[in-house]
Amino acid sequence: MNARRGRPRDPDTDARILRVAGEQLLERGYTAFTVDHVAEIAGVAKTTLYRRWPTRDHLAIAVIGRGQEEIEIADTGDLRADLIDFMAQIAAGLNRTRRAGRGANDQDDQSAGLVAELVAAAARHADIGTLVRDLFDKRIALAVARIEAARRRGEVRSDSDPHLLVDQLAGALYYRILITGKPIDRRYATHLVDAAFAGVLPR
C-alpha cells in the first residue's frame, strides 16, 4: 500500500504571503511588523510562515527582494536616459521603504527608517547577508550588461569600468539614504548620472 501523500503545496501561497507582508510592512513599519500578524491577515498557519521565513528579518528581506525583481533597466539605445530611469526607480523604492510605518503628517525625510533596519538585519544573520548580496548582484548585473553593450557600441569609452560606474551611481543613493539623509529623486538621479558620465564619455 502506498504511503499517503501530504497536502500539495499551494503555488499561490508564497505570493499571497509576500503581498500581505509588504502591505503590513509599509503600513505598520518595522517595529510593529510581526510574522504572526502577517499569518493572521494572510489566512495561513503560523507554521507555514516560519517554515519559509524563520524570523521577521527573513520575511522583510523576502518582501524587499520581491520588489527588487520588478526593477528593470531598458535598452533604448540611449545609455544616459536608461541609467537615469534605472536610478530613479531605485530611488523611488528606497524612499517608499524608508518611510514605512510613518503617518502622512510625518515630514522627517532625513531618517533612513526601514532601510537602516534591513541593513542591520543583514548584519545580524549571515544567511540574510548572503541573500542581500545575491539580490544586489542580480540587479547590478542588469546595469553592468547594459553599460557593456553601450561600450561595444562606442557610447562610452572602451577603457571604462562598468562595475565602477554602477558603484558610483548606486553607492551615492545609499550614502544619502543612510548617512546624510538628503533627498533622492529623479532630479538627483539625473545629476548623478550626468556627473558620472563625464568621466566615461568618448574623448
Side-chain angles (χ1 to χ4, degrees), residues 1-74 85-106 108-109 111-145 166 170 173-174 177-178 184:
M1 184 174 182
N2 293 334
R4 185 179 178 181
R5 290 187 176 184
R7 185 178 180 180
R9 183 169 174 173
D10 181 356
D12 295 327
T13 297
D14 284 5
R16 184 172 77 256
I17 292 172
L18 291 176
R19 176 182 55 78
V20 170
E23 293 169 354
Q24 293 300 307
L25 189 59
L26 292 177
E27 178 184 334
R28 297 163 64 88
Y30 203 69
T31 302
F33 179 71
T34 67
V35 176
D36 289 359
H37 186 70
V38 170
E40 179 183 351
I41 299 299
V44 298
K46 296 176 185 178
T47 52
T48 299
L49 266 77
Y50 284 112
R51 279 197 301 269
R52 291 163 168 79
W53 305 285
T55 71
R56 69 171 180 170
D57 287 343
H58 290 82
L59 182 54
I61 290 294
V63 168
I64 298 304
R66 184 170 180 252
Q68 296 296 335
E69 292 174 355
E70 298 172 357
I71 295 179
E72 299 180 350
I73 180 168
D85 284 342
F86 187 56
M87 290 298 117
Q89 287 182 72
I90 295 174
L94 286 170
N95 281 326
R96 284 193 302 272
T97 302
R98 73 171 170 181
R99 291 194 59 81
R102 299 185 192 176
N105 295 325
D106 186 346
D108 179 14
D109 287 331
S111 171
L114 178 58
V115 177
E117 295 284 0
L118 297 175
V119 171
R124 283 192 294 266
H125 306 278
D127 58 335
I128 288 182
T130 299
L131 286 172
V132 170
R133 285 188 289 275
D134 288 345
L135 286 172
F136 275 87
D137 285 346
K138 290 177 182 177
R139 186 170 66 184
I140 288 170
L142 296 175
V144 167
V166 175
L173 294 180
Y174 282 89
I177 282 280
L178 294 169
I184 56 172

(request) Output all residues satisfying salt bridge (charged side-chain N to carboxylate O under 4.0 Å, His left out) with Arg19, sequence neighbours left out; order by chain, then residue number. (result) Glu23
(request) Please identify each residue that fulfils side-chain hydrogen bond (donor to acceptor under 3.5 Å, both in side chains) with Gln89, with sequence neighbours left out. (result) none
(request) Sequence neighbours left out, what passes salt bridge (charged side-chain N to carboxylate O under 4.0 Å, His left out) with Glu40? Give chain and number order. (result) none
(request) Report yes or no: does Arg16 contribute a side-chain atom to a donor-acceptor pair with the main-chain N or O of Ala42 at less than 3.5 Å? (result) yes
(message) Tell me the closest heavy-atom pair linking Val63 and Ala21, and the distance in Å.
(response) CG2-CB, 3.5 Å
(request) Decide yes or no for Phe86 and Val166: does some side-chain heavy atom of the first lie under 4.5 Å from some side-chain heavy atom of the second? (result) no
(message) To the nearest 0.5 Å, what is the distance between CD1 on Ile64 and CG on Leu118?
(response) 5.0 Å
(message) Could you go through Val35 and Trp53, starting from their C-alpha distance and side-chain angles, then the distance that decides it, and tell me whether this counts as side-chain contact (heavy atoms from CB on, under 4.5 Å)?
(response) CA-CA 9 Å; Val35 176; Trp53 305 285; 5.9 Å; no
(request) Could you tell me which residues satisfy side chain to side chain contact (heavy atoms under 4.5 Å, CB included) with Ala39, sequence neighbours excluded, listed by chain and number? (result) Val44, Lys46, Leu49
(request) Please identify each residue that fulfils side chain to side chain contact (heavy atoms under 4.5 Å, CB included) with Lys138, with sequence neighbours left out. (result) none
(message) Thr55: which residues meet the side-chain hydrogen bond (donor to acceptor under 3.5 Å, both in side chains) condition with it, sequence neighbours left out?
(response) His58
(request) Apply side-chain contact (heavy atoms from CB on, under 4.5 Å) to Asn95 and Arg99, showing your working. (result) CA-CA 6 Å; Asn95 281 326; Arg99 291 194 59 81; 5.7 Å; no
(request) To the nearest 0.5 Å, tell me how far Ile177 CD1 sits from Leu94 CG. (result) 5.0 Å
(message) Please enumerate all residues that pass side-chain hydrogen bond (donor to acceptor under 3.5 Å, both in side chains) together with Arg96, with sequence neighbours excluded.
(response) none
(message) Counting C-beta onward and ignoring hydrogens, is there a side-chain heavy-atom pair between Asp14 and Arg52 closer than 4.5 Å?
(response) yes
(request) Could you grab the distance from atom CD1 of Ile90 to atom CD1 of Ile184, nearest 0.5 Å is fine? (result) 9.0 Å
(request) Enumerate the residue pairs fulfilling salt bridge (Lys or Arg N to Asp or Glu O under 4.0 Å) with a member in residues 116-125, sequence neighbours excluded, ordered by first and then second residue. (result) Asp57-Arg124
(request) Kindly indicate, with the supporting measurements, whether the criterion side-chain contact (heavy atoms from CB on, under 4.5 Å) is fulfilled by Arg139 and Ile71. (result) CA-CA 8 Å; Arg139 186 170 66 184; Ile71 295 179; 4.0 Å; yes
(request) Identify the heavy atoms of Ala122 and Ile128 that sit nearest to each other, and give their distance. (result) CA-CG2, 3.6 Å
(request) State which residues pass side chain to side chain contact (heavy atoms under 4.5 Å, CB included) with Thr31; sequence neighbours excluded, sorted by chain then number. (result) none
(request) Identify, with sequence neighbours excluded, every residue that meets side-chain hydrogen bond (donor to acceptor under 3.5 Å, both in side chains) alongside Arg66. (result) none
(request) Please name all residues satisfying ring pair (Phe, Tyr, Trp, His ring centres under 6.0 Å) with Phe136, sequence neighbours left out, ordered by chain then number. (result) Tyr174
(message) Using the side chain to side chain contact (heavy atoms under 4.5 Å, CB included) criterion, which residues pair with Ala123? Sequence neighbours excluded.
(response) none
(message) Show, in sequence, the C-alpha distance, side-chain angles and deciding distance for Leu59 and Phe33, and conclude whether the side-chain contact (heavy atoms from CB on, under 4.5 Å) test is met.
(response) CA-CA 10 Å; Leu59 182 54; Phe33 179 71; 3.7 Å; yes
